[in-house]
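Just so we're on the same page: letters track the sequence lines, and every chain starts at 1.
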There are 2 protein chains.
Amino acid sequence: MRSRSNPLALAVLALLFEGPMHPYELATTMRERHKEESIKLNYGTLYSVMQSLDKRGLVRVKEVVREGRRPERTIYEITEAGRVEMIDWLSSLIATPAQEFTDFEAGLSLIGVLEPEIVLRLLEERLMRLTQQVQGQEAMYESALKDGLARLLLIEMEYVITLRRAELAWLRELVGQLRDGTLEGLELWREWHRESGETP
Amino acid sequence: MRSRSNPLALAVLALLFEGPMHPYELATTMRERHKEESIKLNYGTLYSVMQSLDKRGLVRVKEVVREGRRPERTIYEITEAGRVEMIDWLSSLIATPAQEFTDFEAGLSLIGVLEPEIVLRLLEERLMRLTQQVQGQEAMYESALKDGLARLLLIEMEYVITLRRAELAWLRELVGQLRDGTLEGLELWREWHRESGETP
DNA sequence: CCGTACATACTCGAAGTCGAGTATTCGACC
DNA sequence: GGTCGAATACTCGACTTCGAGTATGTACGG
């Protein structure tokens with residue numbers, strides 16, 4: 001189902017579930033609630049997503065209003081079919097672990113082409129930056145909790161922080177083994193580079 | 001840099017770094033080496049990625065050959081600019097932790113619209129399936145190691161397994177708290193649904 | 001020796017995604 | 001009181017991504 005590829009459409013349905021809105025308002029609401037940290041938001045995409053949802057009968061135009069000389073605002077509302085699709089889509093996202101492609105994983109799968117010394121340097125850099133980042137995220141999370149925000153509304157942050165901490169621990173070990181030369185196959189890796197380096 | 005959005009292009013450069021190939025061969029090589037588990041591979045996309053890399057001068061057509069009456073094979077080779085771009089891109093993927101958007105995180109950020117009981121059921125289902133999946137991945141990883149594959153070549157699997165195990169542990173705790181009602185803000189969540197359920 | 005299923009190799013149009021651009025209004029500060 | 005930047009609200013065209021479609025070649029069973 002290609003129609004379920006962009007989670008932005010799901011976020012739109014979930015927000016319209018609460019009441020009618022125009023696209024720009026959807027965008028600002030997502031920002032306010034920090035959804036744009038979990039769901040990629042782009043204006044151009046938002047507007048074509050709205051059109052596509054409309055065409056598929058999941059939302060409909062409620063009214064087009066204009067205040068003074070500002071651009072028109074097209075206010076959308078969710079349809080019954082939209083409510084069903086939203087629940088169904090969201091449920092499958094939660095219940096079924098899917099193949100998630102991340103850039104770092106892609107990068108990792110190709111590091112063989114770099115020399116071990118370079119890779120060590122790059123991983124050390126990541127370790128430093130990631131440590132910083134996680135500290136920042138944790139501070140944000142804590143302060144949001146103290147501000148009285150329900151944990152439920154921060155659950156995705158909790159998830160991200162958990163994963164990032166796991167990545168940190170793993171990275172630290174890998175860097176350690178790379179640094180003191182105890183990584184299995186390190187010698188083969190070096191050799192492979194010596195060979196291919198001679199015949200470019 | 002929009003040109004660096006699809007890691008498939010990076011994989012192409014990395015493979016051509018080893019020697020000239022035609023697109024179909026690139027695809028089968030990626031499959032053989034299990035890269036398609038880390039990098040989304042799609043034929044249509046592959047061919048347009050090749051064209052785009054060509055236009056940008058990062059690869060060039062080496063020759064076009066035809067055996068018998070089969071379709072022509074366009075063999076590409078990497079250029080010097082391509083080698084530079086590959087190293088640069090790969091280095092930044094490794095060294096700089098970026099915002100990664102996953103479907104599950106998107107879903108999590110929206111679960112407030114579902115009722116707690118439903119969410120519990122969905123998370124339990126995920127827990128079951130994820131447990132299965134991780135077991136399968138670990139078995140694959142172990143058997144690959146026993147087959148003598150260097151750990152370096154399996155590093156991305158190791159990473160994925162580590163993250164998934166962390167997700168499992170987190171999920172287990174969350175499900176537990178949801179089940180025995182100790183999740184903070186559970187009552188508020190229920191109340192919010194009671195209210196909005198009355199005025200649809 | 002015939003069918004048929006799989007492998008080889010690429011093409012195409014529809015749909016989706018991006019980010020920069022446009023045009024107005026509002027607020028604040030010097 | 002003028003101007004400069006931020007906010008409001010959307011549009012546009014270039015580019016990317018998708019997945020199904022095409023057409024030939026090969027292996028293998030009955």
Side-chain angles (χ1 to χ4, degrees), chain A residues 1-12 15 20-32 36 39-59 61-76 89 98-99 101 103 106, chain B residues 1-12 15 20-32 36 39-59 61-76 89 98-99 101 103 106:
Chain A
M1 236 176 283
R2 194 177 178 191
S3 56
R4 281 189 181 176
S5 65
N6 191 350
L8 179 56
L10 181 61
V12 166
L15 287 178
M21 278 190 224
H22 55 93
Y24 188 78
E25 196 185 350
L26 283 163
T28 48
T29 307
M30 281 185 67
R31 258 191 203 137
E32 261 172 40
E36 33 118 44
I39 298 169
K40 208 186 297 173
L41 172 57
N42 170 308
Y43 277 88
T45 304
L46 177 58
Y47 285 86
S48 48
V49 157
M50 295 311 298
Q51 270 176 40
S52 150
L53 289 174
D54 192 3
K55 211 187 300 170
R56 293 167 53 212
L58 304 179
V59 305
V61 174
K62 198 194 166 205
E63 50 178 336
V64 179
V65 301
R66 140 167 268 163
E67 269 167 33
R69 223 182 280 209
R70 294 212 207 151
E72 286 181 335
R73 295 185 305 188
T74 305
I75 298 172
Y76 289 90
W89 184 0
Q99 251 285 43
F101 296 95
D103 282 3
Chain B
M1 241 176 278
R2 194 178 176 187
S3 57
R4 281 189 180 177
S5 66
N6 192 349
L8 180 56
L10 180 61
V12 166
L15 287 178
M21 279 190 224
H22 54 93
Y24 188 78
E25 196 185 351
L26 283 163
T28 48
T29 306
M30 280 186 68
R31 253 182 211 141
E32 262 170 40
E36 32 120 43
I39 298 169
K40 208 186 301 173
L41 172 59
N42 171 308
Y43 276 87
T45 306
L46 177 59
Y47 285 86
S48 47
V49 157
M50 297 310 300
Q51 270 178 42
S52 150
L53 288 174
D54 191 3
K55 210 186 302 170
R56 293 167 52 212
L58 304 179
V59 306
V61 174
K62 199 196 164 205
E63 50 178 335
V64 179
V65 301
R66 139 169 268 161
E67 270 166 32
R69 221 180 283 205
R70 294 211 207 153
E72 286 180 335
R73 295 186 304 189
T74 306
I75 298 174
Y76 289 89
W89 185 358
Q99 250 285 42
F101 295 95
D103 282 2

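Checked options N6(A), L53(A), I39(A); the residue passing with V12(A) is L53(A) (criterion: side-chain contact (heavy atoms from CB on, under 4.5 Å)).
Atom CD of Q51(B) is separated from atom C1' of dA14(D) by 15 Å (rounded to the nearest Å). In this structure, the CZ atom of F101(B) is 14 Å from the C1' atom of dC18(C), given to the nearest Å. The separation between E67(B) atom CD and dT26(D) atom P is 9 Å, rounded to whole Å. At whole-Å resolution of the value, CG in D54(A) and C1' in dA15(C) are 16 Å apart. For the pair Y47(B) OH and dG13(C) P, the computed distance is 17 Å after rounding to whole Å. For the pair L41(A) CG and dC10(D) P, the computed distance is 14 Å after rounding to whole Å. A straight line from CD1 of I75(B) to P of dT8(C) spans 15 Å, rounded to a whole angstrom. Put simply, CE on M50(B) is 12 Å from P on dT11(C), counting in whole angstrom units.
Only at 4.0 angstrom or more do the heavy atoms of residues 21-29 of chain B sit from any atom of DNA chain D, so none qualifies.
Side-chain atoms of T28(B) come within 3.5 Å of backbone atoms of Y24(B) as a donor-acceptor pair (strictly under, hydrogens ignored).
For the atom pair NE2 (H22(B)) and CD (E63(B)), the distance works out to 10.5 Å, reported to the nearest 0.5 Å. Atom CG of L46(B) is separated from atom CD of Q51(B) by 11.0 Å, given to the nearest 0.5 angstrom. Distance CG/D103(A) to CH2/W89(B): 8.5 Å, rounded to 0.5 Å.
Taking the side chain as every heavy atom from C-beta outward, M50(A) and T74(A) never approach each other to under 4.5 Å. Inter-residue side-chain proximity for T45(B) and K40(B) is flagged as unmet; no heavy-atom pair is nearer than 4.5 Å. Between R31(B) and L41(B) there is a side-chain heavy-atom pair separated by less than 4.5 Å. Residues E25(B) and L15(B) are not in side-chain contact: their nearest non-hydrogen atoms beyond the backbone lie 4.5 Å or more apart.
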Between the protein and nucleotides 15-19 of chain D, are there any N/O to N/O pairs under 3.5 Å, and if so, what are the atom names and distances?
{"residue": "dT17(D)", "atom": "OP1", "partner": "N6(B)", "partner atom": "ND2", "Å": "3.4"}
{"residue": "dT17(D)", "atom": "OP2", "partner": "N6(B)", "partner atom": "ND2", "Å": "3.2"}
{"residue": "dT17(D)", "atom": "O2", "partner": "R2(A)", "partner atom": "NH2", "Å": "3.0"}
{"residue": "dC18(D)", "atom": "OP1", "partner": "K40(B)", "partner atom": "NZ", "Å": "3.4"}
{"residue": "dC18(D)", "atom": "OP2", "partner": "T45(B)", "partner atom": "OG1", "Å": "3.3"}
{"residue": "dC18(D)", "atom": "O4'", "partner": "R2(A)", "partner atom": "NH2", "Å": "3.4"}
{"residue": "dG19(D)", "atom": "N7", "partner": "N42(B)", "partner atom": "OD1", "Å": "3.3"}

